[in-house]
Amino acid sequence: LCIDDIPKLRRDPTRYLGFIEVHIEQGPVLFEMGLPLGIVTSINGSVRYQAQIFGMACHAGTTPMNRRRDAATATAELALYVEQRAARDGDSVGTIGMLEVPNGSINVVPGECRFSLDLRAPSDPQRDALVNDVLAELAAICQRRGLRYALEETMRAAAAPSDPVWQQRWERAVDALGVPLHRMPSGAGHDAMKLHEVMPQAMLFVRGQNSGISHNPRESTTRDDIQLAALAMQRLLDDVANDITR
């Protein structure tokens, strides 16, 4: 590997009309609706944090409930708030996927809790409003319970709305196949959200089986749905070719 050669591989975005991507949905929406294909309207923007709440480790048997500074119950309270606040927006999502009481013991009130925080929404303003509310609630919970917290932002990705012209091309292609049109945001990140920074992009989702489960050995789709996606892509490419030759 010659590291100095890597910049020579850089492509000129002006030589490209755009970027299209077909991907399994990785969720249950198309499966539950009985639809093979979905038109992606935007790839969600996201912010991720690693967080800690600090309280006081003390004896679980001798410390009265009203004297405790329990880091774990504070985190649980925040997790429930994240759940209800994200649900308020419809397409926003919030997840505490990692949760740990370091050196926890069955007879000790947790003095520290470490957790991750993943907040996503279809647009940056909607994502930022969710983030602001969650962080304000974290501060309020800790103040009320006499706790401290630490927060480290580990990732921030901007939302990637589909280019209107390319999205319409997907829609025409799917409609020509006689498949009902369903427009939906992508909660997961994809290559298209990086290409979005330099050229127009739009995505097509294919239905996942087993209720759309993903990141799991049971993730799958069907040959019939994949064939429909391939036919839709062919129609889109024909549409682009016709536009160029007009």
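A donor-acceptor contact shorter than 3.5 Å links the side chain of Ser116 to the backbone of Met98. Between the side chain of Trp166 and the main chain of Gly18, no donor-acceptor pair closer than 3.5 Å is present. Listed for the Thr221 side chain is a donor-acceptor partner under 3.5 Å among the backbone atoms of Arg207. The backbone N or O of Arg218 lies less than 3.5 Å from a partner atom in the side chain of Asn210, making a donor-acceptor pair. Judged by distance alone, the side chain of Arg69 and the main-chain N or O of Gly146 form a donor-acceptor pair under 3.5 Å. Formation of a donor-acceptor pair under 3.5 Å by the Asn242 side chain with backbone atoms of Asp238 is found in this model. A donor-acceptor pair is defined here as one N or O able to donate and one able to accept, closer than 3.5 Å; such a pair exists between the side chain of Gln201 and the backbone of Ala160. Counting only distance, with no hydrogens or angles, the side chain of Arg85 and the backbone of Val134 share no donor-acceptor pair below 3.5 Å. Panel note: side chain Arg120, backbone Gly187; a donor-acceptor pair is recorded below 3.5 Å. Ser186 places a side-chain N or O within donor-acceptor distance of the main-chain N or O of Ala188, the cut-off being under 3.5 Å.
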- Could you give me the CA-CA distance, side-chain angles and deciding distance for Thr63 and Met56, then say whether side chain to side chain contact (heavy atoms under 4.5 Å, CB included) is met? CA-CA 11 Å; Thr63 309; Met56 176 67 71; over 6 Å; no
- Task: Apply side chain to side chain contact (heavy atoms under 4.5 Å, CB included) to the pair Asp133 and Glu137, showing each step before the final yes or no.
- Result: CA-CA 6 Å; Asp133 286 351; Glu137 184 67 14; over 6 Å; no
- Steps toward salt bridge (charged side-chain N to carboxylate O under 4.0 Å, His left out) verdict (Arg156, Asp124): CA-CA 10 Å; Arg156 180 175 292 263; Asp124 290 346; over 6 Å; no
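The residue from Glu152, Arg148, Glu112 that alone fulfils the side chain to side chain donor-acceptor pair (under 3.5 Å) condition with Gln52 is Glu112. A side chain to side chain donor-acceptor pair (under 3.5 Å) with Glu171 holds for exactly one of Gln167, Arg169, Gln168; it is Gln167.
With hydrophobic clusters built from ILVMFWY side chains whose heavy atoms lie under 4.5 angstrom apart, Leu30 shares a cluster with Ile43.
One distance of note links OH of Tyr149 with CD of Gln143; it measures 9.5 Å at 0.5 Å rounding. Atom CG of Leu135 is separated from atom CG of Leu117 by 7.0 Å, given to the nearest 0.5 angstrom. Rounding to the nearest 0.5 angstrom, the gap separating the OG atom in Ser46 from the CZ atom in Arg127 is 7.0 Å. In this structure, Ile24 CD1 and Phe205 CZ are separated by 10.0 Å, a value rounded to the nearest 0.5 Å. Taking CD of Glu25 as the start and CD of Glu219 as the end, the distance is 10.5 Å to the nearest 0.5 Å. Taking CD of Glu21 as the reference point, atom CE of Met203 lies at 4.0 Å (rounded to 0.5 Å).
No side-chain heavy atom of Asp163 sits under 4.5 Å from any side-chain heavy atom of Phe19. Residues Pro36 and Asp224 have side chains not in contact (no heavy-atom distance under 4.5 Å, counting atoms from C-beta outward).
Between Thr75 and Ile96 the shortest heavy-atom distance is O-CD1, 4.5 Å. In plain terms, the two heavy atoms of Val108 and Ala60 that are nearest each other are N-CB, 3.8 Å. Contact detail for Ala71 and Gly111: the closest heavy-atom pair is CB-C, 3.9 Å. The minimum heavy-atom distance linking Val109 with His59 is given by the pair CG2-O, 4.2 Å. Closest non-hydrogen pair, Ala51 versus Leu151, comes out as CB-CD1, 3.5 Å. Nearest heavy atom pair, residue Pro110 against residue Asp70, reads CD-OD1, 3.5 Å.
Heavy-atom neighbours of Arg223 CZ from other residues, nucleotides or ligands within 6.0 Å: at or below the threshold of 12.
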